[in-house]
Amino acid sequence: MTAQIIATLLPVFLIAGCGTLYGRFRTPDIRGLNTLNMELFVPLLVFAVLADRQAPLADYARLALAAAAVVLGSGLLLWPVAKWLKLDAKTFLPPMMFNNSGNMGLPLLVLAFGEQALPAAVVLFIVEMLLHFSVGLYMLSPHTPLWRMLRMPIVLASLAGLGVNLGGVPLPGWGLEAMHMLGGVAIPLMLFALGVRMLEIDFGDWRTGLLGALLCPLSGLVLAAPLIVWLELSGLQAAALWVFAALPPAVLNYLVAEQYRQEPHRVASLVLIGNLGSLLIMPLVLILVFTHVQPPG
């Protein structure tokens, strides 16, 4: 089991470490790389995985429902905590709700359970992203128009991929292969960008960051346990939900907070210290998954 956990986590942190090391001596345009990734490589990956008729997406409906419940439930669960500690809910709750299902979740699930986990990982990623750009933006700015979400490349790729898959539309193998190859750039680039962002950790607000590093995965895991039983998830889908529930805050929370001027420095502490804390949290979660859940393969 120890070897399996090391084999899962080591590539994740090695690639992120390369980003940190490169960013230490250079100043790469991470915002430009992230824009390219989110507008081209990730949409191609999402479309290719969803459009592939070998992935029975109807089988992932309960997993998608569970993921949505984890995201939204975390906000409801931690809202009284934010009030009690006199933290601004607009600052504290989004990082607790919207986790790092892209930069960390996609590669972690694939490394842990193989390529067969990619459809489940993409479904979880899409649910989190759609909620982030709808509920998340509404939390920060209730007047945000819906069309801003609908014009996003990831949303368009998701709708197109679902339509192709559920409609049984045949696609040429060479086309899917090209999209898979380009989409394959997305996962390592996410990890590399995450590593560069780790250089921005501000320990000036370390108490809030440490609180978030504990409460983000804890709230997710508390919600995942009854959802797995209630929705009768098992095998790979149960394992994927456990990992998803324990993921740290998404780096995107910082970019959104910066855009809306919602205490971006405090959000940066929540996000980056939370991701640093995953060095301790994720091995424990993987021990739980490999011991008590038996994903196929």
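Just so we're clear, the structure is a prediction, and the values are computed from it rather than from any experiment. These numbers come from the heavy atoms of this one structure, side chains and all, not from hydrogens, waters or symmetry mates.
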Please set out all donor-acceptor pairs under 3.5 angstrom arising from side-chain atoms of residues 64-91, sequence neighbours excluded.
from: S74; atom 1: OG; to: V70; atom 2: O; distance (Å): 2.7
from: D88; atom 1: OD1; to: K90; atom 2: N; distance (Å): 3.0
from: D88; atom 1: OD2; to: Q262; atom 2: NE2; distance (Å): 3.1
from: T91; atom 1: OG1; to: Q262; atom 2: NE2; distance (Å): 2.9
from: T91; atom 1: OG1; to: E263; atom 2: OE1; distance (Å): 2.6

Once side chain to side chain contact (heavy atoms under 4.5 Å, CB included) is applied, do any residues pair with L288, and if so which ones, sequence neighbours excluded?
W242, H292

Any salt bridge (charged side-chain N to carboxylate O under 4.0 Å, His left out) involving residues 211-227? Give me the pairs, sequence neighbours left out, ordered by first then second residue.
none

Minimum heavy-atom distance L171-A51, with the two atoms named:
CD1-CB, 3.8 Å

List in chain and number order the residues that pass ring pair (Phe, Tyr, Trp, His ring centres under 6.0 Å) with F98, two or more places apart in sequence or in another chain; answer none if no residue qualifies.
H132

Check P11 against L111 and note the closest heavy-atom contact, atom names and distance.
CB-CD1, 3.8 Å

Given 3.5 Å as the limit, does a donor-acceptor pair link the side chain of S141 with the main chain of L137, or not?
no

Here the gap from F125 atom CZ to L45 atom CG, rounded to the nearest 0.5 Å, amounts to 8.0 Å

Apart from L21 itself, members of its ILVMFWY cluster (side-chain separation under 4.5 Å) are F25

Taking N99 for its side chain and F244 for its backbone only, find out whether a donor-acceptor pair lies under 3.5 Å.
yes

Residue set satisfying side chain to side chain donor-acceptor pair (under 3.5 Å) with S101, at least two apart, ordered chain then number -> E128

Is L284 reachable from V243 through a run of hydrophobic residues whose side-chain heavy atoms are each under 4.5 Å from the next?
no

Donor-acceptor pairs under 3.5 Å, side chain of residues 210-235 to any protein atom, not counting sequence neighbours: which ones?
from: S219; atom 1: OG; to: L215; atom 2: O; distance (Å): 2.9
from: S219; atom 1: OG; to: C216; atom 2: O; distance (Å): 3.1

How many angstroms lie between OG1 in T20 and CZ in F13, if you round to the nearest 0.5 Å?
11.0 Å

To the nearest 0.5 Å, tell me how far F47 CZ sits from L162 CG.
10.0 Å

Of all the heavy-atom pairs spanning V42 and A186, show the shortest one and how long it is.
CG2-CB, 3.8 Å

Quick one: are L50 and V164 in side-chain contact, heavy atoms under 4.5 Å?
no

Closest heavy-atom pair and its distance - P95, V267:
CG-CG1, 4.1 Å

P28: partners by side chain to side chain contact (heavy atoms under 4.5 Å, CB included), with sequence neighbours left out:
Y22, R26, I30, V196

Other cluster members, L280 - Ile/Leu/Val/Met/Phe/Trp/Tyr, side-chain contacts below 4.5 Å
none

Where N275 and P248 come nearest, the two heavy atoms and their spacing:
OD1-CG, 3.4 Å

Evaluation steps, side chain to side chain contact (heavy atoms under 4.5 Å, CB included), between F113 and V289
CA-CA 11 Å; F113 310 119; V289 170; 3.7 Å; yes

Can you list the residues that meet the side chain to side chain contact (heavy atoms under 4.5 Å, CB included) rule with E177, with sequence neighbours excluded?
M181

Contact list for residues 265-274, test salt bridge (charged side-chain N to carboxylate O under 4.0 Å, His left out), sequence neighbours left out:
D205-R266

Go through the steps for L272 and L276 under the test side chain to side chain contact (heavy atoms under 4.5 Å, CB included), then give the verdict.
CA-CA 6 Å; L272 296 173; L276 194 62; over 6 Å; no

Identify the heavy atoms of L108 and L247 that sit nearest to each other, and give their distance.
CD2-CD2, 4.4 Å

Can you tell me how far apart CE (M282) and CE (M104) are? Round to the nearest 0.5 Å.
7.5 Å

First locate atom CG of L124, then atom OH of Y60, and finally report the distance between them rounded to the nearest 0.5 Å.
10.0 Å

Hey, could you give me the CG/CZ distance between L33 and F192, rounded to the nearest 0.5 Å?
7.5 Å

For L182, what residues pass the side chain to side chain contact (heavy atoms under 4.5 Å, CB included) criterion, not counting sequence neighbours?
F41, L44

Heavy-atom check, side chain of N253 versus side chain of P94, under 4.5 Å
yes

